[in-house]
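Scroll down for the structure; my scribbles are underneath it.
Below, read A as the first sequence line, B as the second, and so on, with proteins coming before strands; counting in each chain starts at 1. The shown structure was predicted, so the numbers you read here are calculated from the model rather than taken from an experiment.
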Amino acid sequence: MSYLEYNVKRSPAGLAKVLHVNWALVLLLVAVASVGFLMLYSVSGGNMGRWAEPQMRRFALGMVAMFVIAFVPLWFWRSMAGLAYAVSVVLLLGVEFFGSIGMGARRWLELGPIRLQPSEMAKITVILAMAAYYDALDTKKTSHPLFVILALVIALVPTILVLRQPDLGTALLILGSGVLVMFFAGVSLWYFGLASAALAGGVALVMASRGTSWQILRDYQFRRIDTFLDPSLDPLGAGYHINQSMIALGSGGWSGRGFMQGTQSRLNFLPEMHTDFIFTTLAEEFGFIGAMSLLALYIGILIACVVSALQSQNRFAQLLILGVAANFFLYFAVNMAMVMGLAPVVGVPLPLVSYGGSAMLVILIGFGLVQSACVHRPRTRA
Amino acid sequence: MKRTPQERQESAWAISRRTAMFGGAQLLIAGALVLRMRQLQVAEADQFRLLADENRINIRLLPPARGLIQDRNGTLLAGNEQNYRIVLVREDAGDPRAALERLAGLIPLGEAEIDRAVREIMRHRPFVPVTIADRLSWEEVTRVAANAPALPGITPEVGLSRHYPFGAEFAHAVGYVGSVSEADLAARENPEPLLLIPRFQIGKVGVERELEENLRGAAGHRRIEVNAVGREMRELARQEGTPGQSMQLTLDRRLQAFALARLDGESAAAVVMEIATGDVLALASAPSFDPNLFVRGISVADFNELRENEYRPMSNKSVQGAYPPGSTFKMITALAAFEAGLATAEERVNCPGHMDVAGRRFNCWRRGGHGRMNLVSALSESCDTYFYELAQRCGIDRINAMAERLGLGGRFDLPLSAMSSGLNPSREWKRARRNEEWMVGDTINASIGQGFVLSTPLQLAVMTARLASNRAVTPRLVRAIDGVEQPVPDQPALNLPSAVMRQIHRGMVECTNHSRGTAYSSRIVKAEQRMAGKTGTSQVFSITAAERAAGVRRQEQLPWNRRNHALFVCYAPEDAPRYAVAVVVEHGGGGSTVAAPMGRDIMLATLNDGWPPIDAYPQPQRNRIEAMLRTIREKVGPADGTGPAVSRA
């Protein structure tokens with residue numbers, strides 16, 4: 001930044017920051033969350049207190065957190081990136097050794113009165129750490145194998161720790177976000193091509209091994225893959241969720257069965273209808289139009305993020321914004337693909353809509369960082 | 001790191017490029033999602049809507065009300081009773097054992113029943129109502145209802161169950177219903193879904209069984225919305241079933257009650273027919289049993305008692321029992337010979353008390369002999385020798401053909417269970433079944449209704465009606481279905497020569513009215529109701545030489561199951577026959593002493609609106625008869641069927 005530039009451009013300070021919040025993004029977030037409240041109200045059979053109200057309180061809390069983060073200068077967050085990453089890895093290790101078990105998985109860490117879910121926290125700290133890493137790294141060394149491996153290690157350490165809990169969905173999101181930041185940072189496409197080829201080769205090898213003497217997976221694991229490819233093979237077992245989910249989606253039709261009229265969700269045929277499968281209720285009750293509207297809102301959020309990223313000239317800010325946006329995209333794309341039967345059921349919630357505090361808080365913290373980048377973008381003095 | 005403006009420019013450019021690439025990928029993925037949604041929600045929506053409905057909509061059958069069964073005058077013989085029961089829903093009741101123990105203070109509920117109910121309750125899902133007590137009285141139900149606030153999850157309910165107001169009186173003819181069994185289902189190619197309802201009851205015996213399809217009706221159904229675990233959420237549509245057809249039988253309740261009461265104490269059967277129509281007015285088989293026991297589910301003890309009873313209460317002897325008809329068969333032998341012109345009315349046959357045929361001696365029942373007999377006196381006094389002579393002349397083929405014309409050996413199309421066709425023996429039959437040639441001795445035996453001949457009380461009644469009318473009377477049991485009168489079966493003329501028929505009728509009239517007739521003591525003295533009849537005493541076992549040596553001379557000295565069957569057939573009034581009656585008393589001893597008095601009483605009841613008038617009896621018998629009628633009066637319940645059931649096993 002030249003002196004001249006420095007003189008004519010500066011970051012907003014004090015109350016002026018409020019003006020520079022990306023209000024369009026805030027509006028979109030509120031809209032998506034409202035869809036969530038509506039659907040939670042519906043799936044609880046018209047009961048505010050069961051899910052909708054707690055969800056509103058958490059959203060309010062998350063919004064406060066978002067604004068607090070937004071008004072803290074971005075350089076502070078950059079300097080905290082390493083520390084935050086380290087803390088989250090330590091907490092993940094803590095879960096590994098001291099975590100409490102719930103629903104067959106070890107995810108929670110009890111610290112006095114606070115229950116922490118470090119895997120959720122890791123989603124954001126990995127993005128933060130990767131952005132800081134590539135901001136600090138000489139641009140010319142981005143594709144140097146050593147530094148690519150270093151970046152991979154940053155992403156893989158929390159991924160593996162989360163995978164061990166086990167929480168496949170979150171692990172995939174962490175790894176995916178990390179890899180996407182590498183992609184944005186400009187790591188050579190050869191690496192991605194190579195990785196994709198290796199993955200495809202691996203899958204082909206595993207599938208080819210079926211029924212031979214060197215079979216890599218157990219039979220039951222192959223059967224799970226079969227069920228994923230064709231859920232109707234096991235309509236009462238593993239395929240039950242996805243079958244019922246597709247029935248709910250399909251029966252919604254063009255315009256849906258009407259608010260609170262979805263039989264699949266109201267009569268409990270749908271599993272996890274207030275968490276991972278809430279999109280099916282939306283699609284059943286509001287149909288294709290409703291589902292597309294939510295998708296449009298999500299894309300709106302992505303566009304708002306991308307516009308902010310492109311406006312910014314700061315590498316850290318750009319990578320951070322894009323990382324958060326990519327993470328958000330992975331969230332809803334995987335969830336939707338899952339309930340539509342295009343992806344395996346891995347347990348990824350629909351961001352801002354599914355019931356759940358930790359995920360929502362972390363998403364809003366992420367957007368807090370995005371807002372901080374927006375607010376503290378140097379601007380030409382008016 | 002610090003970057004030069006150029007580096008920053010390059011970095012920003014690189015990021016923009018990558019953003020564009022990723023944006024493109026995002027667009028592709030979002031496009032794929034949109035297409036998939038379109039496919040599911042627009043292209044295949046109908047199919048999924050259907051699947052969703054299949055998921056949530058359940059069809060439950062509504063059992064129809066079973067058709068009523070009435071007697072010929074409209075008295076209800078089988079109806080549907082409201083049945084109060086108590087159901088418990090576990091999720092509302094809390095601890096089922098505690099709830100049942102509270103309930104036990106209000107209705108009779110034993111410790112064992114509580115245990116059984118708790119097991120039953122725990123087997124079902126918590127929202128399923130389980131019946132814990134059945135057939136409660138109105139007082140018990142009101143007591144439970146009044147205490148409803150203290151009994152959450154426990155509710156009284158009303159259902160329909162079959163009830164037979166006259167209990168034992170119609171146990172055989174009407175029969176009873178019971179729960180569908182595995183065997184019932186196996187016997188049907190494609191069992192109606194209705195039959196699969198737990199505890200659904202179908203006819204097991206008698207009219208209830210044979211007319212099951214008419215009585216059952218068609219199931220209604222309810223379309224209900226259920227949730228994923230099957231709990232009913234609401235009713236979407238309801239279509240009541242079509243009740244079964246009501247059956248009006250030809251039976252007369254009062255006559256049936258009288259007949260059964262008159263037979264009480266014996267193992268016996270009586271059939272009353274109206275000659276002009278063939279209507280079966282009474283179809284009694286004693287002893288009987290209470291069919292209501294079977295509807296509720298009979299206890300093992302009660303069932304064993306019925307099964308081990310020597311008098312076989314569960315058998316409908318009036319159509320299932322096949323007995324040697326004995327002397328009641330003699331009219332057939334006579335007709336066979338006379339129609340062929342092989343004998344004349346004037347001709348007399350000497351009875352020395354026996355006849356030797358083919359080197360074998362056939363005795364007449366009267367050892368001393370009857371002297372010179374013609375047709376009328378031979379029938380009246382039941383001389384066996386006379387018929388031995390006729391049988392020799394006409395042969396078995398004519399006898400067999402005549403018996404068939406008069407209805408023996410055939411099965412009638414009546415809705416009754418396990419009807420026997422008796423046995424009308426012929427040369428072919430013996431050859432086929434026994435692989436032996438017919439012997440002349442067989443003809444001699446058959447001529448007096450012994451040997452191979454077997455007939456049911458119903459067949460004997462039909463035979464008597466045909467003899468009385470000279471028409472082929474066919475029995476009818478169903479008078480009307482749903483109020484629609486059923487056709488009276490055709491009665492084609494039998495064209496038996498009327499001169500011979502006059503002689504036969506005279507013989508039967510003298511049997512009951514001539515002082516030398518075997519049934520003289522069972523005569524009716526009311527002039528316009530005079531009866532014609534024929535007694536029969538059929539041998540089951542001969543008195544063995546050993547028994548004779550031990551001093552056994554008389555039937556009463558033999559054990560019950562070795563005594564002779566007693567039979568009596570009659571019609572009245574003799575000059576204008578309206579009714580025919582047949583009575584068979586298993587091992588009763590003698591036709592004239594046991595069966596004929598019963599036949600007369602039943603005939604008098606038939607002729608006089610269900611109760612014999614005392615002035616129809618000969619003066620000297622009246623005191624004894626009056627005493628007997630009093631005991632019968634006590635056994636016959638009042639007309640509404642709430643009184644004591646008759647003749648329980």
Is A:Y134 close to chain B through its backbone or its side chain, or both, or neither, when contacts mean heavy atoms under 4.5 Å? backbone
Applying a strict 4.5 Å limit to non-hydrogen atoms, the region of A:L310 in contact with chain B is side chain
Portion of A:A309 that has a non-hydrogen atom of chain B nearer than 4.5 angstrom: neither
Rounded to the nearest 0.5 Å, what separates atom CE in B:M21 from atom CZ in A:F184? 10.0 Å
Hey, are the side chains of A:R315 and B:R8 touching, using non-hydrogen atoms and a 4.5 Å cut-off? no
Under a 4.5 Å heavy-atom cutoff, which of B:Q39, B:Q26, B:Q47 has the most pairs with chain A? B:Q26
Could you report the tightest heavy-atom contact between B:A30 and A:L295, atom names first, then the distance? O-CD2, 4.3 Å
Any side-chain heavy-atom pair from B:R49 and A:R257 closer than 4.5 angstrom? yes
Note: vs chain A, highest number of non-hydrogen pairs under 4.5 angstrom among B:R38, B:R17, B:E44 is B:R38
By a 4.5 Å heavy-atom criterion (distance strictly below it), what part of A:L322 contacts chain B: side chain, backbone, both, or neither? side chain
For the pair B:Q41 (side chain) and A:A283 (backbone), establish whether a donor and an acceptor sit closer than 3.5 Å, ignoring hydrogens and angles. yes
Heavy-atom closest pair (B:V42 atom, A:W254 atom, distance to 0.1 Å) is CG2-CE3, 3.4 Å
Is there side-chain contact between A:N314 and B:R3, with heavy atoms separated by less than 4.5 Å? no
For each of A:V306, A:L302, A:L180, tally heavy-atom pairs with chain B at distances under 4.5 Å, and name the one with the top tally. A:L180
Portion of A:A326 that has a non-hydrogen atom of chain B nearer than 4.5 angstrom: both
Closest contact, heavy atoms only, B:A45 versus A:G253: CB-CA, 3.8 Å
Got a second to check how far A:M292's CE is from B:L33's CG, nearest 0.5 Å? 7.5 Å
Does the Lys NZ or Arg CZ of B:R18 fall within the cation-pi geometry relative to A:F183 - under 6.0 Å from the ring centre and within 45° of the axis? yes
When B:T19, B:D46, B:L51 are compared by non-hydrogen pairs under 4.5 Å with chain A, the top option: B:T19
Between CZ on residue A:F279 and CE on residue B:M37, distance to nearest 0.5 Å: 4.0 Å
Given heavy-atom pairs under 4.5 angstrom as the criterion, report whether the side chain, backbone, both or neither of A:L189 touches chain B. both
If I take atom CG from residue A:L342 and atom CG from residue B:L40, how far apart are they, to the nearest 0.5 angstrom? 8.0 Å
